[in-house]
K.L.:
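Encoded as structure tokens, here's the structure I'll be asking about.
Note that the structure is a prediction, hence the values are computed from the model and not measured.
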Amino acid sequence: MFTPLQYEFFVRALIVATLVGGLCGLIGVYVVLRRMSYIGHGLSHAIFGGAVASYVLSVNFFLGASVWGFVSALLINLATRKRSISADAAIGIVTTSSFALGVALISRFRSFTRSFDAALFGNILGITQADVIAIAAVALLAAAALFVGYKYLLFTTFEPEVARFYGVPAGWTDAGFSLLLAAVIVVSLQVLGVTMIAAAIVIPPVVARLLTDEFARMLLLSVVIGALCGLGGLYMSFYLDISSGASVVLFSAAVFLIALSYTTLRSRLGSARWRRRSAASGKLEPFH
Amino acid sequence: MDITINRGDFVGLLGPSGSGKTTLIKTILGATDVYGGEVRVEGQSIAERRPRVGYVPQLETIDWNFPVTVEQVVTMGRVRRGWWYPWQRREDRLVAHEMMSRLGIADFAARHVRELSGGQKQRALLARALVSSPRLLLLDEPTSGVDIKTRDEIMHLLDELNHQDVTVIMTTHEINAVAAHLPWVVCLNGGIVDSGPPADVFTPDTLRRTYNADILVTEYMGMKLVAESPHFFGRNERGSADSSERGEHVHAASV
């Protein structure tokens, strides 16, 4: 277990994977509870277009991709307000168009020399010092924003329409959340890749939801599970020699399966115990 | 439409599904696009400032599996108090507990909202609306999906609030059980068909124009009530046939 720690690149990658896992777990709670799971998948594809455009236009990657992702998220919000367009259709239109634009730019400007594989499937070994700083900065920003906006975000996530009637600035809250989500996806791209981010955002909160009915505990559990999946996934990547994005997702999927089996078993055992107790006492007890 | 509701009124909005009851409530809340005319709440146009009112939505619009406790839902009503403080303040929790005790749901404060019955869920949403100390309370079908006892309790509570100078506007489908007991009703069917005390409004003609159906009206202890036409549905009409001859179809014992 300690063998890979002698390599400096692995230690750096371990810190980054753990941070990104925890960060995706944190933001993922709101994504899952807002029933926006598909948006993580869509936005990462949209941001791919922004990343390529930033490269072609010689704009800073983080800035260009974040602005692109934010605009895409706002466009999706705008499109879904039209009742005739459902959220999944809006995500499909906006993000696939953006992804297609990225592919078109690559084929038009042959000067694009960055690795496609790294962008699509993640390459944690290619992480630079600037990437680490960006990830840490977004993690701090996300933790601070979600702490300060805790009450507002909880209400807008629970009942988006009703929250406005109680004085919650729902429009600003949603815009802020979209910006934060775009930033999280941008800094996670290098580690997880376009195709794997959605799972890192969705799986930890889903596992946490299986284990608790309490919102604050779900947030905490999701961060811990996300971080552990990042850590475990990176070890798996090292020993099995597979891409970091894929291994983090596979590790997370295994954790999900264990949690699902555990909660199913717990519920079945609970029912059986209740039936045995009822039979022994000779009467049915009130069910709570 | 033109409608004026005065301070301290207790008004029921009545009409078939799609008649505009919820739309009228949401228009007062400033949640729908108003293409013409003006809506004023407490003298101020809702286009300029969203009104601060208590709102109780329909139960089915809420995701009851969301991971929140009853207390968390109730304290959401005070979300703007101490807006700079991210967590629930002690003061807000005290007010919420007081309201939950008043509505008989204090024992469920720490429970997940999914564990509540229909009536308790309705009370939790009502408690959330009331902790914001509203002077205008808007309720969308607050008595749907609850049993008779809970319905009566909710209506008595609304009456009590109304006596404390809270203006109450509610939608309902229950003509006899709810609307007939209110001091003022508004019949809607795409627009206002009629409004006034139920004794004046509940006429066969008004109800026909409201529901596009012939409805019998009768009187009981001075109250106008709607009479149900007798129907006998199913094969066992009037209970004459012995269905046990046809053999068992569904059976459950000691489950």
K.L.:
With only heavy atoms counted, which part of Pro169(A) is less than 4.5 Å from chain B, the side chain, the backbone, both or neither?
P.N.:
side chain

K.L.:
For Ile148(B), is the CD1 atom crowded, meaning more than 12 foreign heavy atoms sit under 6.0 Å from it?
P.N.:
no

K.L.:
Among the options Thr157(A), Leu153(A), Val168(A), pick out the one with the most heavy-atom pairs lying under 4.5 Å from chain B.
P.N.:
Thr157(A)

K.L.:
Does any backbone or side-chain atom of Val53(B) lie under 4.5 Å from a heavy atom of chain A? Answer side chain, backbone, both or neither.
P.N.:
backbone

K.L.:
Measuring heavy-atom distances to chain B, does Glu214(A) have an atom under 4.5 Å in its side chain, in its backbone, in both, or in neither?
P.N.:
both

K.L.:
If you count heavy atoms of other groups shown closer than 6.0 angstrom to CZ of Arg93(B), is the number above 12?
P.N.:
no

K.L.:
Give a yes or no on whether Arg80(B) atom CZ has more than 12 heavy-atom contacts from other residues, nucleotides or ligands under 6.0 Å away.
P.N.:
yes

K.L.:
For Leu29(B), is it the side chain, the backbone, both, or neither that has a heavy atom closer than 4.5 Å to a heavy atom of chain A?
P.N.:
both

K.L.:
Check whether any side-chain heavy atom of Val162(A) lies under 4.5 Å from a side-chain heavy atom of Met76(B), and answer yes or no.
P.N.:
no

K.L.:
Distance from Thr75(B) atom OG1 to Phe155(A) atom CZ, nearest 0.5 Å?
P.N.:
9.5 Å

K.L.:
Taking side chain as everything from C-beta outward and backbone as N, CA, C, O, which of these in Val113(B) sits under 4.5 Å from a heavy atom of chain A? Side chain, backbone, both or neither.
P.N.:
neither

K.L.:
Around Trp172(A), counting heavy atoms of other residues, nucleotides and ligands shown, do more than 12 lie under 6.0 Å from its CH2?
P.N.:
no

K.L.:
Determine whether Asp213(A) and Arg114(B) satisfy the following criterion, side chain to side chain contact (heavy atoms under 4.5 Å, CB included), listing intermediate values before the conclusion.
P.N.:
CA-CA 10 Å; Asp213(A) 260 347; Arg114(B) 184 186 51 225; 2.7 Å; yes

K.L.:
Any idea which of Phe158(A), Tyr152(A), Tyr150(A) has the most non-hydrogen atom pairs under 4.5 angstrom with chain B?
P.N.:
Phe158(A)

K.L.:
When rounded to the nearest 0.5 angstrom, what distance separates CZ in Arg89(B) from NZ in Lys151(A)?
P.N.:
6.0 Å

K.L.:
Atom CD of residue position Gln44(B) - does it have more than 12 heavy atoms of other residues, nucleotides or ligands inside 6.0 Å?
P.N.:
yes

K.L.:
Can you label the angle between the Phe215(A) ring and the Phe66(B) ring as parallel, tilted or perpendicular, going by 30° and 60°?
P.N.:
parallel

K.L.:
Which region of Arg35(A), side chain (C-beta onward) or backbone (N, CA, C, O), has a non-hydrogen atom less than 4.5 Å from a non-hydrogen atom of chain B, or is it both or neither?
P.N.:
side chain

K.L.:
Please say whether more than 12 non-hydrogen atoms of neighbouring residues, nucleotides or ligands are located less than 6.0 Å from CZ in Arg217(A).
P.N.:
no

K.L.:
Does any heavy atom of chain A fall under 4.5 Å from the side chain of Arg128(B), the backbone, both, or neither of them?
P.N.:
both

K.L.:
Return yes if some donor-acceptor pair links the side-chain N/O of Tyr166(A) with the main-chain N/O of Tyr55(B) below 3.5 Å, else return no.
P.N.:
yes

K.L.:
Pro67(B) pairs by side-chain contact (heavy atoms from CB on, under 4.5 Å) with which of Leu33(A), Leu154(A), Thr212(A)?
P.N.:
Leu33(A)

